[in-house]
Amino acid sequence: MNNRKTAEKRYLRASLTVEAAMLMPILFFVVFSCVYLNFHVHNRANLIASAAEQAISGHEQNGTVLFGSVQPEAERAESEDARTVGYAAVSPVYIGSGWSIRTEQTCRLYHPVKMLRAERALKELGDE
């Protein structure tokens, strides 16, 4: 009777070891996928904020810090009434694959001197 209980305990411990050995790779995959997803979301938010800031101010930044990614490619275009800044980068996920990030921000340009002169001209026409 005592040998039977000992054999059952050993069997139970051995089955838990086998189950854990089958479950751990799946658990590691899920945990590291969540970590890579956080890196991707951080990189995307950082690129969107950087593009918006550069579109508004017009100043180029030296570099945008991204986790586990190469330096992003920047595209800048400026017309008479708008400035557009775009970024493209890839966040690595696993070996040989990655998620691409593409963002573009546009800001309308204001010319305060021209606006003030136009307002003054209209005001002078109204006063006459």
Side-chain angles (χ1 to χ4, degrees):
M1 195 75 159
N2 197 12
N3 287 339
R4 184 175 173 190
K5 287 183 181 179
T6 308
E8 284 179 9
K9 285 183 183 178
R10 278 191 219 150
Y11 176 75
L12 183 61
R13 278 189 262 158
S15 67
L16 287 176
T17 303
V18 170
E19 288 173 7
M22 294 174 74
L23 187 63
M24 288 308 286
I26 296 170
L27 184 65
F28 281 141
F29 178 76
V30 169
V31 168
F32 285 114
S33 294
C34 290
V35 169
Y36 279 120
L37 179 64
N38 285 333
F39 285 163
H40 176 74
V41 170
H42 171 271
N43 290 345
R44 185 172 182 269
N46 198 354
L47 286 178
I48 289 172
S50 179
E53 182 178 336
Q54 288 182 37
I56 292 169
S57 69
H59 298 286
E60 293 184 23
Q61 292 181 344
N62 292 338
T64 303
V65 178
L66 301 178
F67 285 125
S69 183
V70 296
Q71 193 65 19
E73 297 176 17
E75 301 170 3
R76 292 173 183 83
E78 190 165 336
S79 66
E80 191 173 312
D81 60 341
R83 180 182 300 123
T84 302
V85 178
Y87 277 113
V90 176
S91 288
V93 181
Y94 292 106
I95 297 172
S97 66
W99 292 328
S100 69
I101 304 170
R102 175 88 178 100
T103 183
E104 186 174 289
Q105 299 290 324
T106 302
C107 180
R108 184 173 171 220
L109 297 179
Y110 294 101
H111 305 284
V113 175
K114 288 181 182 178
M115 282 184 10
L116 289 174
R117 287 182 183 161
E119 283 180 21
R120 283 185 192 158
L122 288 174
K123 190 174 186 181
E124 288 174 5
L125 284 176
D127 290 340
E128 292 178 2

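Position 1 is the first residue of the sequence; numbering continues from there. Because the structure is a prediction, the values reported are computed rather than measured.
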Step through the shown structure and confirm whether more than 12 heavy atoms of other residues, nucleotides or ligands are within 6.0 Å of CZ on R83.
yes
Exercise: identify the closest heavy-atom pair between W99 and Y36
CZ3-O, 4.0 Å
Test applied, side chain to side chain contact (heavy atoms under 4.5 Å, CB included); reference residue, T103; option that passes from V85, N46, I48:
I48
Looking at every heavy atom in both A55 and C107, which two are closest together, and how far apart are they?
O-CB, 3.4 Å
Can you check whether E78 reaches T84 side chain to side chain, under 4.5 Å on heavy atoms?
no
Could you give the distance from CG (L47) to OG (S91), rounded to the nearest 0.5 Å?
8.0 Å
If I compare all heavy atoms of A51 with all of Q105, which pair ends up nearest, and what's the gap?
CB-CG, 3.6 Å
Less than 4.0 angstrom from a charged side-chain N to a carboxylate O is my criterion; do K114 and E119 meet it?
no
Hydrophobic clustering (ILVMFWY, side-chain heavy atoms < 4.5 Å, transitive) - are V35 and L27 grouped together?
yes
Tell me whether R102 contacts the main-chain N or O of Y87 through its side chain, where contact means a donor paired with an acceptor under 3.5 Å.
yes
N43 vs I101, test: side-chain contact (heavy atoms from CB on, under 4.5 Å). Steps then yes/no.
CA-CA 8 Å; N43 290 345; I101 304 170; 3.7 Å; yes
Does the side chain of S33 reach to within under 4.5 Å of the side chain of F29, using non-hydrogen atoms?
yes
If we ignore angles and hydrogens, is there a donor and acceptor under 3.5 Å between the side chains of Q54 and R76?
yes
Assess whether atom CD of E73 is packed by more than 12 heavy atoms of other residues, nucleotides or ligands within 6.0 Å.
no
Is there a continuous path of hydrophobic side-chain contacts, each under 4.5 Å between heavy atoms, that joins I56 to L109?
no
Indicate the ring-plane relationship of F28 and F32, choosing parallel, tilted or perpendicular according to the 30° and 60° boundaries.
tilted
